[in-house]
Chemist: 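Dropping a structure here in structure tokens format, bear with me for questions.
Owing to the predicted nature of the structure, the values given are computational and were not obtained by experimental measurement.
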Amino acid sequence: QVQLVESGGGLVQAGGSLRLSCAASGRTYRSYTMGWFRQAPGKEREFVAAISRTTGSTIYADSMKGRFTISRDNAKNTLYLQMNTLKPEDTAVYYCAVGSRVGLSHSGSDYDYWGQGTQVTVSS
């Protein structure tokens with residue numbers, strides 16, 4: 001069992017930055033893959049980025065490359081998402097998730113535990 005709590009969301013103007021955090025607790029020793037997803041109102045959930053807990057390797061959705069950076073601090077059991085040059089289309093609820101699969105994945109079905117989400121609103 002893993003519990004995830006996101007924080008750091010809020011209201012920001014276009015072009016601004018935010019850093020999201022995800023604190024994990026519980027049986028995190030099998031949480032080899034950690035990722036971020038987002039869901040805008042009336043839209044499907046989409047993949048943002050993922051990172052390996054063991055190696056630190058990362059993958060990103062093509063639209064986020066160059067603007068978003070995923071990182072983790074294993075000692076603190078915390079996952080981060082640095083978001084720069086934010087756009088109104090980035091407005092969504094952002095969720096962190098962890099899974100036991102070793103290989104990185106863009107699919108939500110490969111993740112076992114999810115946080116409650118944190119709202120990010122980008123004004124134009």
Side-chain angles (χ1 to χ4, degrees):
Q1 183 75 10
V2 177
Q3 295 80 45
L4 304 172
V5 180
E6 302 96 333
S7 62
L11 175 64
V12 64
Q13 291 184 311
S17 300
L18 284 174
R19 188 182 75 161
L20 306 183
S21 298
C22 173
S25 61
R27 299 180 181 179
T28 60
Y29 61 91
R30 294 190 66 184
S31 299
Y32 300 123
T33 300
M34 310 176 72
W36 287 97
F37 293 77
R38 68 185 187 185
Q39 186 169 25
K43 304 294 183 180
E44 296 294 321
R45 181 182 63 192
E46 67 174 334
F47 171 76
V48 175
I51 187 169
S52 170
R53 181 180 178 181
T54 55
T55 69
S57 61
T58 60
I59 58 172
Y60 294 88
D62 288 341
S63 61
M64 284 77 168
K65 290 182 179 179
R67 296 194 301 124
F68 291 6
T69 302
I70 188 171
S71 62
R72 86 276 190 262
D73 186 334
N74 288 342
K76 296 181 178 180
N77 275 334
T78 302
L79 178 70
Y80 303 98
L81 182 69
Q82 178 66 47
M83 305 185 294
N84 298 324
T85 319
L86 284 164
K87 306 174 182 179
E89 51 263 44
D90 294 319
T91 295
V93 176
Y94 284 71
Y95 299 90
C96 65
V98 300
S100 59
R101 291 179 62 131
V102 175
L104 298 178
S105 176
H106 66 278
S107 175
S109 64
D110 290 327
Y111 296 81
D112 304 309
Y113 300 97
W114 297 77
Q116 83 289 343
T118 185
Q119 177 70 48
V120 172
T121 302
V122 184
S123 63
S124 59

Chemist: What residue pairs, at least two apart or across chains, pass disulfide bond (SG atoms under 2.5 Å apart) with a residue in residues 33-95?
Modeler: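 Those involving residues 33-95 do not exist here.
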Chemist: List for me each residue that meets side chain to side chain donor-acceptor pair (under 3.5 Å) alongside Arg67, sequence neighbours excluded, and say none if there are none.
Modeler: Asp90
Chemist: May I ask you to test the Glu89-Val122 pair for a side-chain heavy-atom distance under 4.5 Å?
Modeler: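 The answer is no; the side chains never approach within 4.5 Å.
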Chemist: Could you note down all residue pairs passing salt bridge (charged side-chain N to carboxylate O under 4.0 Å, His left out) where residues 5-15 supplies at least one of them, sequence neighbours left out?
Modeler: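 Listed by first then second residue: nothing to list.
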Chemist: Can you name the residues that form a side chain to side chain donor-acceptor pair (under 3.5 Å) with Ser107, not counting sequence neighbours?
Modeler: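 Listed in chain order: Ser109.
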Chemist: Taking only residues two or more places apart in sequence or in another chain, which ones pass ring-ring contact (aromatic ring centres under 6.0 Å, His included) with Tyr94?
Modeler: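 Testing Tyr94 for ring-ring contact (aromatic ring centres under 6.0 Å, His included), a comparison that skips the adjacent residues, returns none.
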Chemist: Return the OG to NZ distance between Ser21 and Lys76, rounded to the nearest 0.5 Å.
Modeler: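 Interatomic distance, Ser21 OG to Lys76 NZ, rounded to 0.5 Å: 9.5 Å.
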Chemist: Same cluster for Tyr113 and Leu81 if Ile/Leu/Val/Met/Phe/Trp/Tyr side chains link at under 4.5 Å?
Modeler: yes
Chemist: Verify the cluster assignment for Leu20 and Met34: are they in a single hydrophobic cluster under the rule of side-chain heavy atoms below 4.5 Å apart?
Modeler: yes
Chemist: Give every residue pair that meets the disulfide bond (SG atoms under 2.5 Å apart) criterion with at least one member in residues 3-72, sequence neighbours excluded.
Modeler: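 Non-adjacent pairs meeting disulfide bond (SG atoms under 2.5 Å apart): Cys22-Cys96.
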Chemist: Leu79 vs Trp36, test: side chain to side chain contact (heavy atoms under 4.5 Å, CB included). Steps then yes/no.
Modeler: CA-CA 9 Å; Leu79 178 70; Trp36 287 97; 3.3 Å; yes
Chemist: Write down the atom of Thr118, the atom of Gly8, and the distance for their closest heavy-atom approach.
Modeler: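 Heavy atoms of Thr118 and Gly8 come nearest at OG1-N, 4.3 Å.
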Chemist: Are Val12 and Met83 co-members of a hydrophobic cluster defined by side-chain heavy atoms under 4.5 Å apart?
Modeler: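 Met83 and Val12: one cluster.
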Chemist: Say you draw a straight line from CZ of Arg27 to CD of Gln1; how long is it, rounded to the nearest 0.5 Å?
Modeler: 8.0 Å
Chemist: List the atom of Ile59, the atom of His106, and the distance in Å for their closest heavy-atom pair.
Modeler: CD1-N, 4.2 Å
Chemist: Salt bridge (charged side-chain N to carboxylate O under 4.0 Å, His left out): which pairs involve residues 110-119, sequence neighbours left out?
Modeler: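 Salt bridge (charged side-chain N to carboxylate O under 4.0 Å, His left out) check on residues 110-119 returns Arg101-Asp110.
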Chemist: Looking only at heavy atoms, what is the nearest atom pair of Ala14 and Ser124, with distance?
Modeler: CB-CA, 4.5 Å
Chemist: Do you know the tightest heavy-atom contact between Ala61 and Phe47?
Modeler: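 Smallest heavy-atom distance, with atoms named: CB-O, 3.5 Å.
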Chemist: When Ile, Leu, Val, Met, Phe, Trp and Tyr are grouped by side-chain heavy atoms lying under 4.5 Å apart, directly or through other members, which residues fall in the same group as Tyr80?
Modeler: none
Chemist: Of all residues at least two apart in sequence or in a different chain, which pass the ring-ring contact (aromatic ring centres under 6.0 Å, His included) check with Tyr111?
Modeler: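 In terms of ring-ring contact (aromatic ring centres under 6.0 Å, His included), with neighbours along the sequence ignored, Tyr111 is linked to Phe37.
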Chemist: In terms of hydrophobic clustering (I, L, V, M, F, W, Y; side-chain heavy atoms under 4.5 Å; direct or indirect links), are Ile70 and Val98 co-clustered?
Modeler: yes
Chemist: Under the side chain to side chain donor-acceptor pair (under 3.5 Å) rule, what pairs show up with a residue in residues 41-51, not counting sequence neighbours?
Modeler: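 Qualifying pairs, neighbours excluded: Arg38-Glu46.
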Chemist: What's the spacing between Gln119 CD and Thr91 OG1 if we round to 0.5 Å?
Modeler: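 Between Gln119 CD and Thr91 OG1, I get 7.5 Å after rounding to 0.5 Å.
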Chemist: So, for Thr85 and Ser17, which heavy atoms are closest and what is the spacing to 0.1 Å?
Modeler: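 For Thr85 versus Ser17, the nearest heavy atoms are N-OG, 4.2 Å.
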Chemist: Working to the nearest 0.5 angstrom, can you tell me the gap between Arg72 CZ and Thr54 OG1?
Modeler: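 Rounded to the nearest 0.5 Å, the CZ-OG1 separation comes out at 7.5 Å.
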Chemist: Quick one: do Leu86 and Phe68 satisfy side chain to side chain contact (heavy atoms under 4.5 Å, CB included)? Show the steps, please.
Modeler: CA-CA 9 Å; Leu86 284 164; Phe68 291 6; 4.0 Å; yes
Chemist: Answer whether the closest heavy-atom distance between the side chains of Leu104 and Tyr32 falls below 4.5 Å.
Modeler: no
Chemist: Kindly write out the residues that satisfy side chain to side chain donor-acceptor pair (under 3.5 Å) with Gln3, not counting sequence neighbours, or none if the list is empty.
Modeler: Ser25
Chemist: Got a sec, which residues hit side chain to side chain donor-acceptor pair (under 3.5 Å) with Thr55, two or more places apart in sequence or on another chain?
Modeler: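 Side chain to side chain donor-acceptor pair (under 3.5 Å) list for Thr55, sorted by chain: Ser52, Ser57.
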